[in-house]
Amino acid sequence: MWSCPPAARRTAAYELPDAEFEKHAEVVHNFRDIGASIASGSYPVDAMVVMPCSVRTLSAIASGAAENLLVRAADVTLKERRRLVLCVRETPLHLGHLRAMVTATEIGAIIAPPMPAFYIAPESVGDLVNHTVARTLSLIGVEVPGADPWLGTAPSRADGG
């Protein structure tokens, strides 16, 4: 499903000019359509990911201010005790941002900033993006073929191995 406020569309158009997200969605909702199916707890979904999640959206979710469909769907996800993953992309953070993250966590959200994982030895930005997406999907129980979990390193002699 896809619901995107104008600011998010603008950012996506700038950062990913060739991306055509809507063509990959089964259903597209207007972000103002508060009567859409996903605005109801009776609509059968298992989880929700907001990626990327602006601090404005994070703050609205944390406060329960369901001003649009995106925030309402997140609010419903939380009230139904379903998994909600917020991939907050902002840096640096001030105390208000951190408090919103704490509040969102306290009410059941998972905060998962899209941070690059260099231990995967990426060869491209695409490798970093794919790893971030796979890791995020794993948080809602979706396994991505080829996205193997970290198995740790071999013990060294200094570790007693």
Side-chain angles (χ1 to χ4, degrees), residues 1-41 43 45-120 122 124-142 144 147:
M1 298 215 186
W2 176 259
S3 175
C4 189
R9 282 187 188 277
R10 184 174 181 176
T11 300
Y14 178 76
E15 293 182 355
L16 305 163
D18 298 327
E20 297 178 8
F21 299 106
E22 290 181 359
K23 80 175 191 178
H24 299 291
E26 289 181 27
V27 178
V28 177
H29 295 288
N30 183 299
F31 82 103
R32 289 189 178 106
D33 185 5
I34 212 73
S37 57
I38 59 173
S40 172
Y43 189 76
V45 297
D46 295 323
M48 179 177 175
V49 174
V50 180
M51 178 189 246
C53 182
S54 68
V55 169
R56 176 188 171 120
T57 298
L58 162 70
S59 299
I61 292 167
S63 69
E67 62 195 28
N68 60 47
L69 181 56
L70 176 62
V71 178
R72 171 64 185 163
D75 190 58
V76 166
T77 299
L78 290 170
K79 82 177 185 67
E80 297 295 328
R81 306 296 190 260
R82 299 171 181 153
R83 285 195 181 194
L84 173 65
V85 178
L86 305 177
C87 298
V88 180
R89 61 164 267 177
E90 189 69 50
T91 189
L93 301 166
H94 63 62
L95 186 56
H97 300 154
L98 296 171
R99 285 186 175 146
M101 288 184 195
V102 167
T103 300
T105 301
E106 289 172 339
I107 61 176
I110 299 169
I111 307 298
M115 295 186 186
F118 294 104
Y119 67 84
I120 64 168
S124 68
V125 172
D127 289 346
L128 292 171
V129 170
N130 290 338
H131 181 268
T132 300
V133 170
R135 179 69 181 108
T136 302
L137 290 174
S138 74
L139 293 171
I140 62 169
V142 176
V144 177

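None of the values given here were measured: they were computed from a predicted structure.
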Are the side chains of [Y] and [X] in contact, using a 4.5 Å heavy-atom criterion?
| X | Y | result |
| --- | --- | --- |
| Tyr43 | Ile38 | yes |
| Val71 | Asn68 | yes |
| Asp33 | Arg72 | no |

With ring-ring contact (aromatic ring centres under 6.0 Å, His included) as the rule and sequence neighbours excluded, what pairs involving [range] come up?
| range | value |
| --- | --- |
| residues 57-86 | none |
| residues 56-89 | none |
| residues 63-89 | none |
| residues 51-101 | His94-His97 |

How would you list, by chain and number, every residue that makes a side-chain hydrogen bond (donor to acceptor under 3.5 Å, both in side chains) with [X], sequence neighbours excluded?
| X | result |
| --- | --- |
| Arg83 | none |
| Ser54 | Thr57 |
| Ser63 | none |
| Arg56 | Glu67 |

Kindly give the heavy-atom pair with the smallest separation between [X] and [Y], and that separation in Å.
| X | Y | result |
| --- | --- | --- |
| Phe118 | Leu128 | CE2-CD1, 4.2 Å |
| Leu78 | Ala109 | CD2-N, 3.6 Å |
| Gly64 | Asp75 | CA-OD1, 4.2 Å |
| Leu69 | Ala39 | CD1-CB, 3.8 Å |
| Leu58 | Ala104 | CD1-CB, 3.9 Å |
| Ala117 | Pro122 | O-CD, 4.2 Å |

Worksheet item: What pairs meet the salt bridge (Lys or Arg N to Asp or Glu O under 4.0 Å) rule with one or both residues in residues 90-110, with sequence neighbours excluded?
Response: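 Salt bridge (Lys or Arg N to Asp or Glu O under 4.0 Å) check on residues 90-110 returns no pairs.
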Discussion item. Test: salt bridge (Lys or Arg N to Asp or Glu O under 4.0 Å). Region: residues 45-55. Which pairs qualify, not counting sequence neighbours?
Written reply: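 Matches after skipping sequence neighbours: none remain.
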Worksheet item: Please walk me through it: do Val133 and Val144 pass side-chain contact (heavy atoms from CB on, under 4.5 Å)?
Response: CA-CA 9 Å; Val133 170; Val144 177; 5.9 Å; no
Worksheet entry | Pairing residues for Arg89 by the salt bridge (Lys or Arg N to Asp or Glu O under 4.0 Å) criterion, not counting sequence neighbours |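 Per chain and number, Arg89 pairs via salt bridge (Lys or Arg N to Asp or Glu O under 4.0 Å) with Glu15.
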Donor-acceptor pair, [X] side chain versus [Y] backbone, under 3.5 Å?
| X | Y | result |
| --- | --- | --- |
| Asn130 | Gly126 | yes |
| Thr103 | Ala100 | no |
| Arg82 | Gly41 | yes |

Worksheet item: Could you give the distance from CG (Leu84) to CD1 (Ile140), rounded to the nearest 0.5 Å?
Response: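 Here the interatomic distance stands at 10.0 Å.
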Worksheet entry | Those residues that, when tested against Tyr119, pass ring pair (Phe, Tyr, Trp, His ring centres under 6.0 Å) (two or more places apart) |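 Tyr119: ring pair (Phe, Tyr, Trp, His ring centres under 6.0 Å) contacts with His131, Trp150.
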Worksheet item: Side chains of Thr132 and Arg135: do they bring a donor and an acceptor to under 3.5 Å?
Response: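 Result is no, nothing qualifies.
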